[in-house]
Protein chains: 2
Amino acid sequence: MISTPLQQGSNAERSRHRNRQAVLGQVHLAGTIGRAEIARALALTTQTVSNIIAELSDDGMLIEKGRLSAGRGQPAIQYALKPEGGYALGVEVRPDAVFAALLDLTGRAVTTERVALAGTDPDIVLDHVTMVYTRALDQVPTARGRMLGAGIVMPGPFGLTGIAGMGTDLPGWQEVDAATLFSKAIDLPVVLSNDANAAAMAERITGAAQEMNSYAYLYFGTGLGLGLIHGGQLVRGAYGNAGEIGHIPIPGPHAKLEDAVSRLSVQRHLLAAGLDVHDIDALDQLFEQKNAALMTWLDTACDALGHAVAIVENLFDPQTVVLGGAMPNGILEHFVANTPLPDLSVSNRPHAPHPRLIQGASGRMTATLGAAALILNRALTAPLSHAH
Amino acid sequence: MISTPLQQGSNAERSRHRNRQAVLGQVHLAGTIGRAEIARALALTTQTVSNIIAELSDDGMLIEKGRLSAGRGQPAIQYALKPEGGYALGVEVRPDAVFAALLDLTGRAVTTERVALAGTDPDIVLDHVTMVYTRALDQVPTARGRMLGAGIVMPGPFGLTGIAGMGTDLPGWQEVDAATLFSKAIDLPVVLSNDANAAAMAERITGAAQEMNSYAYLYFGTGLGLGLIHGGQLVRGAYGNAGEIGHIPIPGPHAKLEDAVSRLSVQRHLLAAGLDVHDIDALDQLFEQKNAALMTWLDTACDALGHAVAIVENLFDPQTVVLGGAMPNGILEHFVANTPLPDLSVSNRPHAPHPRLIQGASGRMTATLGAAALILNRALTAPLSHAH
DNA sequence: GGATTAACTCAATTCAATTGAATTATCAAT
DNA sequence: ATTGATAATTCAATTGAATTGAGTTAATCC
């Protein structure tokens with residue numbers, strides 16, 4: 001991926017663009033908010049915010065929500081994001097299918113779809129993605145001309161690495177510039193990412209971490225992934241492959257982390273007990289029945305997850321760790337409740353403002369929705385500068 | 001520490017500030033460079049860069065370095081950082097002493113000092129730091145009025161955490177706002193950090209990672225620390241305690257990483273062999289003599305370090321991992337040459353543009369110089385924005 | 001020596017912010 | 001009910017910093 005991000009100077013045009021983003025970000029964060037409050041938060045004058053809001057309203061990205069009386073003074077006109085003001089496409093490419101979702105500016109999914117894939121060649125995949133996009137636009141005509149971009153999730157790692165070709169990545173995609181390919185096919189700005197990173201971003205847009213700038217996300221996919229948000233932005237690494245936590249070795253009977261805690265791990269464990277389980281619903285049923293084999297697996301998995309949390313906490317010192325992904329809700333709940341949190345951690349603070357482990361989004365679409373969130377985050381967050 | 005960085009809007013003044021930083025950054029990166037090239041790199045007009053350079057030259061931060069003929073066209077006037085244009089103080093507070101260094105704008109140390117500490121109470125420490133600063137200014141009168149700030153390194157973790165009070169942190173400092181205290185005492189902007197983070201930044205200013213925006217730094221202090229640079233900035237975590245890699249559990253005979261690979265670890269190992277070694281020089285001698293006990297330790301330590309590298313690579317996907325800190329140069333070299341690099345890593349690429357493990361600065365002053373580098377980096381790097 | 005190329009400068013313009021004064025709408029006290 | 005305080009908002013003028021466009025200078029290429 002991109003190794004040297006372009007260092008850019010600033011001018012009037014770029015300032016305005018940044019300020020528009022920042023204003024939208026404040027509105028998103030607050031839900032509804034008045035101009036004066038935005039001005040204070042951004043250290044801009046109310047006049048400037050007024051001008052920007054007029055512009056954004058003209059562009060159909062904001063709507064008035066009445067006035068809010070708060071003590072003395074003229075009550076502030078409240079603004080909120082206009083859902084139809086912008087849309088983001090989220091696409092998740094898996095070996096056997098393409099998932100897609102169209103989110104409006106507020107992060108609500110207005111369409112979702114799944115199409116089976118006959119093969120994973122770039123040609124086939126691009127065809128299907130284009131098809132899915134076209135259908136989404138047909139279903140939601142207001143989105144036409146208001147597309148902010150597309151987030152695409154593919155199984156990582158990207159490029160040729162030591163863990164390529166191990167069955168997780170997509171055959172035929174190791175040496176192509178996927179982002180450009182997609183961007184040309186659907187004529188939209190494209191952000192490419194792995195499932196865990198995308199899911200992490202979703203929590204910031206609609207989920208459990210809306211107020212947070214710095215958190216880690218542990219993602220149940222086929223393996224175990226990690227998404228890191230720092231300063232409101234994804235930590236992608238130099239080549240876009242940050243977060244491969246599943247591959248790191250841990251103490252105990254398992255060689256690597258995701259041997260102990262992942263969907264593949266539980267499937268193998270259940271198979272050994274004579275249960276051939278393939279989808280989330282079946283897993284959920286077993287959990288509801290408190291199946292003994294599943295419960296044994298959960299015990300070891302909780303311990304392993306505790307290790308993962310220890311690593312993440314000590315390396316990033318996040319506000320919280322969010323746990324989510326393609327698992328039944330009940331199992332995520334169980335993990336959040338039963339994972340032993342390490343004492344030996346910088347996050348083990350006496351008066352912690354946030355719980356150390358919280359539950360994020362679950363289910364099959366988590367990464368797909370996250371893909372779209374990558375685009376929304378770009379529209380709603382200005383890269384932060386440092387207060388002096 | 002700071003949990004929610006202030007999101008700021010942009011205006012003319014802040015744009016100019018940012019552009020000045022960016023111009024200085026380009027000059028620093030290139031060594032000497034002409035205006036047109038800077039303009040291209042920053043996507044600004046040459047006129048703008050011309051104005052900024054005139055301003056910076058007036059302020060005494062840049063000097064002309066003749067013209068450089070490169071093919072056709074009028075040869076570009078080259079500019080370089082003027083060393084006397086700005087200074088940064090680096091201070092490292094240890095339980096028994098305060099180390100200080102004054103760096104000029106180019107990152108060269110113009111004074112260094114060590115003073116013993118009678119105690120670690122804030123009062124005592126602040127007194128000594130003030131004293132050291134005053135003496136530095138006396139020795140380098142040109143620095144007066146040209147101070148950019150002070151970087152202060154203290155043993156972390158900061159604040160009350162699960163690994164506080166384990167002997168590493170400084171008694172009496174857990175619950176004070178150290179940055180403000182220092183800032184008031186010496187009347188300078190202060191950046192506070194732990195040793196590993198500071199040392200990591202030093203590599204970007206003067207060391208092995210000047211061209212890199214995204215790398216990890218493994219630091220030998222008392223324990224083992226980690227500094228993460230992403231997008232040219234430190235990843236500090238929500239509470240400033242990111243990088244406590246020494247505390248994470250690893251497979252093998254040792255409970256945690258720094259039990260196997262750290263200065264404390266080698267000291268213990270040698271003590272068990274009847275050798276009481278306390279400083280770097282003594283360690284260096286043993287290494288030169290190929291002392292058997294030391295060599296056995298190195299073998300296990302290399303393996304453990306390999307684990308650390310595996311974790312860091314898979315979690316961050318950095319351009320490289322830099323190894324440095326308070327160790328003899330020879331031992332660092334040995335580590336770089338003999339640490340087994342994991343195959344199962346996203347960094348194990350066939351045509352890697354950088355070596356996976358490189359050697360950074362070594363010796364007692366590493367963190368002190370790094371402390372000053374935190375300030376220089378602020379002066380020389382504009383927070384990056386994303387190209388659209 | 002003339003054409004070409006690229007760096008640089010000057011003067012005018014443009015963009016988007018700030019400033020300062022005026023207006024409006026509410027709360028709180030009399 | 002009236003009046004003063006407070007805060008949000010608007011209008012018009014100003015300012016700061018970048019861009020634009022035309023011109024100048026100094027090198028290389030042919």
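For clarity, every value in this text was computed on a predicted model and none was experimentally measured. In what follows, chains carry the letters A, B, and so on, assigned in the order in which the sequence lines appear, proteins first and then strands, with residues in each chain numbered from 1.
- A straight line from NZ of A:Lys65 to P of D:dA8 spans 21 Å, rounded to a whole angstrom.
- No donor-acceptor contact under 3.5 angstrom links the side chains of B:Thr180 and B:Ser183, judged on distance only.
- Across the protein-nucleic acid pair, A:Glu64 atom CD and D:dT9 atom C1' stand 12 Å apart, rounded to whole Å.
- Atom CG of B:Leu56 is separated from atom P of D:dA17 by 13 Å (rounded to the nearest Å).
- Residues A:Ser10 and B:Arg18 bring no donor and acceptor atom of their side chains to less than 3.5 Å of each other.
- Atom CD of B:Gln8 and atom C1' of C:dA17 are 14 Å apart (whole Å).
- When rounded to the nearest whole Å, the span between CD1 of B:Ile77 and C1' of C:dT9 equals 11 Å.
- Protein atom CD of A:Glu55 is 7 Å distant from nucleotide atom P of C:dA16, rounded to whole Å.
- Nearest-nucleotide positions on DNA chain C for B:Ala36 and A:Ala12 put B:Ala36 closer to the 5' end.
- With rounding to whole Å, A:Arg18 atom CZ is found 14 Å from C:dA17 atom C1'.
- For the residue pair A:Thr142 / A:Tyr87, a side-chain donor-acceptor distance below 3.5 Å is found, with atom types taken as modelled.
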Heavy-atom contacts, protein to nucleotides 19-30 of chain D, under 4.0 Å, summarised as B (base), S (sugar-phosphate only) or - (none) per nt, yield BB----BBBBS-
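- Sorted by first and then second residue, the salt bridge (charged side-chain N to carboxylate O under 4.0 Å, His left out) pairs involving residues 47-64 of chain B (not counting sequence neighbours) are B:Arg16-B:Glu55, B:Arg20-B:Glu55, B:Arg20-B:Asp59.
- Protein atom CD1 of B:Ile38 is 13 Å distant from nucleotide atom C1' of C:dC8, rounded to whole Å.
- With sequence neighbours excluded, no residue satisfies ring-ring contact (aromatic ring centres under 6.0 Å, His included) with A:Tyr133.
- Minimum interatomic distance between A:Gln26 and A:Ala41 (heavy atoms only, all atoms of both residues): OE1-CB, 3.5 Å.
- For B:Arg40, a side-chain nitrogen or oxygen approaches OP1 or OP2 of C:dA7 to under 4.0 Å.
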